[in-house]
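Heavy-atom basis, side chains included; hydrogens, waters and symmetry copies ignored.
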Amino acid sequence: MAGKPKLHYYDGRGRMEVIRWLLAAAGVEFEEVFIETEEDLDKLRNDGRLMFGQVPMVEIDGMELVQRRAILNYIASKHNLYGKDLKERALIDMYIEGMADLNEMIVTLLEYTPEEQVNRLALIKEQTTNRYFPAFEKVLKSHGQDYLVGNRLSRADIHLVELIYNLEEFDPSLTANFPLLKALKTRISNLPSVKKFLQPGSQRKPPITAEALEKARKVFKF
């Protein structure tokens, strides 16, 4: 029997958090190996375990996978969270790519100066309420189903609900005018595996602090 997936990253959200969410939603237990020093990262590189010299990296099913989208595609395919046919997969991909720019703005927010962060956060909120949330609210309204694609749980739902949680940390009122998105968040959050992941003490990471970001900068040189 294959062992648990092993996640190599720093002890924070960053570009690994959505992978944690997807594994948790699939009911898959996983282990984490935290990269805490430059030496930790150098060892992975020198041992030839990082194909392109960077993380996140996930050990799973005898592979050492890098590149976040490749990791997510594999997990979603393995656990039937990637649609039932090519058309559904195309929709799932389209929705996830649609979230990508907004996700990137959130992930990189603390890399800006405090003054710049004010403007970036205002842009994030504006884009959320005028561009992204209306688009996904329209999708749910158009077919009247419980999930974004095929009326069953997919990685698109998981990614969107993670995004909603992240955005509501900035402003809980952002979903106020989007009842179907609020209902989707509640529906996904009540799935037993997700509910467990959302409990205190789980492997879900808190928002990164400026201090934690500075520590990560020293290790990863960004």
Among R204, K205, K4, which residue meets the salt bridge (charged side-chain N to carboxylate O under 4.0 Å, His left out) test with E32? K205
Is it the case that the side chain of S173 and the backbone of A176 share a donor-acceptor pair, with hydrogens and angles ignored and the cut-off at 3.5 Å? no
Heavy-atom closest pair, residues I92 and G83: CD1-N, 3.4 Å
Would L86 and L72 show up in the same hydrophobic cluster when neighbours are defined by side-chain heavy atoms closer than 4.5 Å? no
Between Q54 and V66, what is the shortest heavy-atom contact and its length? O-CG1, 3.8 Å
Working for side-chain contact (heavy atoms from CB on, under 4.5 Å), residues V18 and L163: CA-CA 9 Å; V18 68; L163 180 60; over 6 Å; no
Close side-chain approach of Q67 and F52, heavy atoms under 4.5 Å: yes
Enter the distance from L91:CG to K87:NZ here, rounded to the nearest 0.5 Å. 9.5 Å
Separation between CD1 of I71 and CD1 of I60, rounded to the nearest 0.5 Å: 9.0 Å
If you take all heavy atoms of S193 and A25, which pair is closest and at what distance? OG-O, 2.9 Å
Is the terminal nitrogen or CZ of R152 (NZ for Lys, CZ for Arg) located under 6.0 angstrom from the six-membered ring centre of Y147 and within 45° of that ring's axis? no
Do K185's NZ or CZ and the ring of Y165 fall within the cation-pi criteria of under 6.0 Å and 45°? yes
Go through it in stages, so that I can follow the logic: the residues are R15 and E104, the test is salt bridge (charged side-chain N to carboxylate O under 4.0 Å, His left out), and I'd like the CA-CA distance, side-chain angles, deciding distance and then a yes or no. CA-CA 9 Å; R15 304 184 191 284; E104 188 67 14; 2.8 Å; yes
Give the cluster check for V118 versus Y112: same hydrophobic cluster or not, with ILVMFWY residues linked at side-chain heavy-atom distances below 4.5 Å. no
What do the steps show when you test M57 against L44 for side-chain contact (heavy atoms from CB on, under 4.5 Å), and what is the final call? CA-CA 10 Å; M57 186 267 276; L44 286 173; 4.3 Å; yes
Shortest non-hydrogen contact from D157 toward I188: CB-CD1, 4.0 Å
Please check this pair: side chain of D40 against backbone of T37, looking for a donor-acceptor N/O pair closer than 3.5 Å. yes
If you apply the rule side-chain contact (heavy atoms from CB on, under 4.5 Å), what do you find for Y74 with D61, and how did you get there? CA-CA 10 Å; Y74 181 78; D61 296 341; 2.5 Å; yes
I'd like to know if the side chain of Q203 and the backbone of F30 have a donor-acceptor N/O pair within less than 3.5 Å. yes
Is the closest basic N to carboxylate O distance between R69 and E97 below 4.0 Å? yes
Indicate yes or no: does K84 engage E88 in a salt bridge with an N to O separation below 4.0 Å. yes
Can you measure from CZ (R20) to OG (S202) and round to the nearest 0.5 angstrom? 10.0 Å
Please check if I75 and M51 belong to a single hydrophobic cluster, counting links between Ile, Leu, Val, Met, Phe, Trp and Tyr side chain heavy atoms closer than 4.5 Å. yes
Pairwise side-chain contact, L23 with L7, heavy-atom cut-off 4.5 Å (strictly under): yes
Distance-only, no hydrogens or angles: does the R187 side chain make a donor-acceptor pair with backbone N or O of D146 under 3.5 Å? yes
Between R155 and Y95, is NZ or CZ placed under 6.0 angstrom from the six-membered ring centre and within 45° of the ring axis? no
I158 vs L153 side-chain heavy atoms within contact, under 4.5 Å: yes
How long is the straight-line distance from CG of L81 back to CG of N73, given to the nearest 0.5 Å? 12.0 Å
Measure the spacing between CD of E137 and OG1 of T175 and express it to the nearest 0.5 Å. 9.5 Å
CD1/I208 to CG/L109 distance, rounded to the nearest 0.5 angstrom? 11.0 Å
Do D47 and K43 sit within salt-bridge range, that is, some charged N less than 4.0 Å from a carboxylate O? yes
Over all atoms of both residues, closest heavy-atom pair of L167 and L174: O-CD1, 3.5 Å
Please confirm whether the backbone N or O of L148 pairs with a side-chain atom of H143, one donor and one acceptor, at under 3.5 Å? yes
Given E31 and E59, is the side-chain contact (heavy atoms from CB on, under 4.5 Å) satisfied, shown in steps? CA-CA 10 Å; E31 299 175 358; E59 294 182 62; over 6 Å; no
Determine whether M63 and I19 fall in the same hydrophobic cluster, where Ile, Leu, Val, Met, Phe, Trp and Tyr are linked whenever their side-chain heavy atoms lie under 4.5 Å apart. yes
Ion pair present between E169 and R13, side-chain N to carboxylate O less than 4.0 angstrom? yes
Measure up the F220 and Y10 rings against each other and bin them: parallel (under 30°), tilted (30 to 60°), perpendicular (over 60°). tilted
Are a donor atom and an acceptor atom from the side chains of T108 and E111 found within less than 3.5 Å of each other? no
Look only at the side chain of T113 and the backbone of E116, and say whether a donor-acceptor pair between them is shorter than 3.5 Å. yes
Indicate if L198 and M16 have the same hydrophobic cluster label, given that clusters are the connected sets of ILVMFWY residues with side-chain heavy-atom separations under 4.5 angstrom. yes
Minimal heavy-atom distance between G53 and R45, with the atoms involved, is O-NE, 2.7 Å
Side-chain touch W21/V194, heavy atoms, less than 4.5 angstrom: yes
Is it the case that over 12 heavy atoms from other parts of the model lie below 6.0 angstrom from the CD atom of Q199? yes
